[in-house]
Visitor: 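Dumping the structure here so I can ask a few things about it.
Small disclaimer: the values here were computed from a predicted structure and weren't measured. We name chains A, B, ... by the order of the sequence lines, and we start the count at 1 in each one.
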Amino acid sequence: NAGVTQTPKFQVLKTGQSMTLQCAQDMNHNSMYWYRQDPGMGLRLIYYSASEGTTDKGEVPNGYNVSRLNKREFSLRLESAAPSQTSVYFCASRMTGITNYGYTFGSGTRLTVV
Amino acid sequence: AQSVTQLGSHVSVSEGALVLLRCNYSSSVPPYLFWYVQYPNQGLQLLLKYTSAATLVKGINGFEAEFKKSETSFHLTKPSAHMSDAAEYFCAVIENNNAGNMLTFGGGTRLMVKP
């Protein structure tokens with residue numbers, strides 16, 4: 001099925017470990033986004049990529065890095081995980097140039113840092 | 001800067017009762033507004049969107065929302081709640097002059113439906 005695929009779905013890390021969350025979309029969308037979801041805070045933007053080859057910081061970028069590998073793939077890396085990064089991470093994509101075009105979301109990665 | 005406020009982090013209704021989830025936005029220019037639904041352990045699914053055409057927008061699963069510019073509101077309603085409507089609902093806004101066209105989300109409202 002067409003959409004946004006995130007891997008892994010669940011992950012437990014120890015403080016200080018690193019990992020990369022993977023995201024791929026097959027809808028030929030230009031823009032891709034990483035959000036984190038925490039109780040009572042809705043979704044907050046970590047990083048986004050408006051088009052292949054560009055990335056920009058969102059609201060809460062500290063502790064994260066991203067790579068727009070190609071048009072399909074946008075990865076999020078935690079270099080040294082901290083308990084404050086325990087969250088549910090969502091990747092999303094959309095078509096650029098159509099302002100009223102909604103986002104398509106992946107099913108999320110549930111990350112626990114102990 | 002744009003922002004979204006959802007009044008009530010938890011709303012409980014009886015099955016068959018009216019559902020009303022409140023959303024107010026702040027935007028310096030005419031916005032585009034969205035409602036998303038998240039079922040347990042799933043991603044976000046688009047319910048409906050306002051795109052500057054009709055102010056009353058109909059979405060999936062019998063939901064609708066009305067854009068009221070004078071009240072800066074975009075409340076979500078459904079005439080009769082069903083058990084399957086239990087989920088978390090997010091209101092979101094895009095400003096149409098935002099180069100990145102990024103969604104800003106409200107804090108979410110968890111809807112509980114009692115039998």
Visitor: Out of A:M41, A:K9, A:R110, A:Q6, return the one with the most heavy atom pairs under 4.5 angstrom to chain B.
Guide: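 Ranked by heavy-atom pairs under 4.5 Å with chain B, first place is A:R110.
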Visitor: Honestly curious: do A:Y89 and A:F74 fall in one hydrophobic cluster under the side-chain, below-4.5 Å linking rule?
Guide: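 In one cluster: yes.
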Visitor: B:L48, B:L20: one ILVMFWY side-chain cluster at the under-4.5 Å cut-off?
Guide: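 Not linked; separate clusters.
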Visitor: By a 4.5 Å heavy-atom criterion (distance strictly below it), what part of B:Q45 contacts chain A: side chain, backbone, both, or neither?
Guide: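 Interface part for B:Q45: neither.
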Visitor: Indicate yes or no: at least one non-hydrogen side-chain atom of A:Y33 is less than 4.5 angstrom from one of B:L103.
Guide: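 In short, these two side chains do not touch, never coming nearer than 4.5 Å.
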Visitor: With rounding to the nearest 0.5 Å, note down the distance linking CZ in A:F90 to CD in B:Q38.
Guide: 4.5 Å
Visitor: Counting only non-hydrogen atoms closer than 4.5 Å, does A:L45 touch chain B with its backbone (N, CA, C, O), its side chain (CB onward), both, or neither?
Guide: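 Answer is side chain: those atoms of A:L45 sit under 4.5 Å from chain B.
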Visitor: Establish whether A:M19 and A:V60 are linked, either directly or via other cluster members, by ILVMFWY side-chain heavy-atom contacts under 4.5 Å.
Guide: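 Looking at the clustering, A:V60 is in the same group as A:M19.
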Visitor: Give a yes or no on this: more than 12 heavy atoms of other residues, nucleotides or ligands lie within 6.0 Å of atom CZ of A:R44.
Guide: yes
Visitor: Taking side chain as C-beta onward, heavy atoms only, is B:F90 less than 4.5 Å from A:Q37?
Guide: yes
Visitor: If Ile, Leu, Val, Met, Phe, Trp and Tyr residues are connected whenever their side-chain heavy atoms lie under 4.5 Å apart, and connections chain through other members, are A:V4 and A:F10 in the same group?
Guide: no
Visitor: Just give me the residue among A:A92, A:G108, A:S107, A:S51 that pairs up with chain B most often, heavy atom to heavy atom, under 4.5 Å.
Guide: A:S107
Visitor: Do the side chain of A:Y103 and the main chain of B:L44 share a donor and acceptor less than 3.5 angstrom apart?
Guide: no
Visitor: With a 4.5 angstrom heavy-atom cut-off, which part of B:Q6 approaches chain A: side chain, backbone, both or neither?
Guide: neither
Visitor: Report whether B:I60 and B:L56 are members of the same hydrophobic cluster (ILVMFWY, side-chain heavy atoms less than 4.5 Å apart, transitive linking).
Guide: no
